Each structure stands twice: as structure tokens, then as C-alpha cells.
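Right, one structure below, let's go through it.
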Amino acid sequence: MTGPSSTPRGEHTPRPGTAWEQHLVSTGEQIVDDDAPDPRPNRATRRAMQRAARRTK
């Protein structure tokens, strides 16, 4: 078995007529202004806050 070649291979040219398709996909990330009010916490967070409040009573 031989090691890697020291000469790099050239770029591969695609077949004629082959076109790249681009799809814009959202990651679900949303931009929120700095001065916007904080969103409501999710259910798990609300329940954890309620448990913590009950323990301190």
C-alpha cells in the first residue's frame, strides 16, 4: 500500500446540464429587539418557579 500522492488532484467538473439547487431553510432562530419585553417562560420553567416558591414558604 502506498502513501498519499504529493501532487494534488485537479477540480472535478460536473456533467454538462447539471445545476445546483439551493434551498433556503430556516433554523427557527428569531431576532428580538433589545427593548422588547421578555417572552413568557415555558411550562417547565413556570412549574420549576412554582416549586421553588412553595419550598421557601
Side-chain angles (χ1 to χ4, degrees):
M1 190 165 167
T2 61
S5 173
S6 60
T7 57
R9 289 188 241 164
E11 290 187 16
H12 171 71
T13 55
R15 289 179 290 164
T18 304
W20 291 97
E21 292 184 19
Q22 293 181 352
H23 300 282
L24 297 177
V25 179
S26 173
T27 60
E29 186 173 319
Q30 298 177 353
I31 298 174
V32 179
D33 290 333
D34 289 337
D35 56 349
D38 290 336
R40 182 177 183 212
N42 64 14
R43 182 173 184 237
T45 304
R46 290 193 313 266
R47 293 183 70 182
M49 289 189 301
Q50 289 171 353
R51 278 194 308 273
R54 282 194 302 257
R55 287 185 197 151
T56 59
K57 288 183 180 179

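Given the structure is predicted, the values throughout are model-derived calculations rather than measurements.
- A pairwise comparison of heavy atoms in A36 and V32 identifies CB-CG1, 3.8 Å as the closest pair.
- The list of side chain to side chain donor-acceptor pair (under 3.5 Å) pairs with a residue in residues 24-42, not counting sequence neighbours, reads N42-T45.
- Taking CZ of R47 as the start and CZ of R43 as the end, the distance is 5.0 Å to the nearest 0.5 Å.
- Judged as a side chain to side chain contact (heavy atoms under 4.5 Å, CB included), and not counting sequence neighbours, the contacts of R55 are R51.
- Looking at every heavy atom in both residues, R46 comes nearest to P41 through NH1-O, 2.9 Å.
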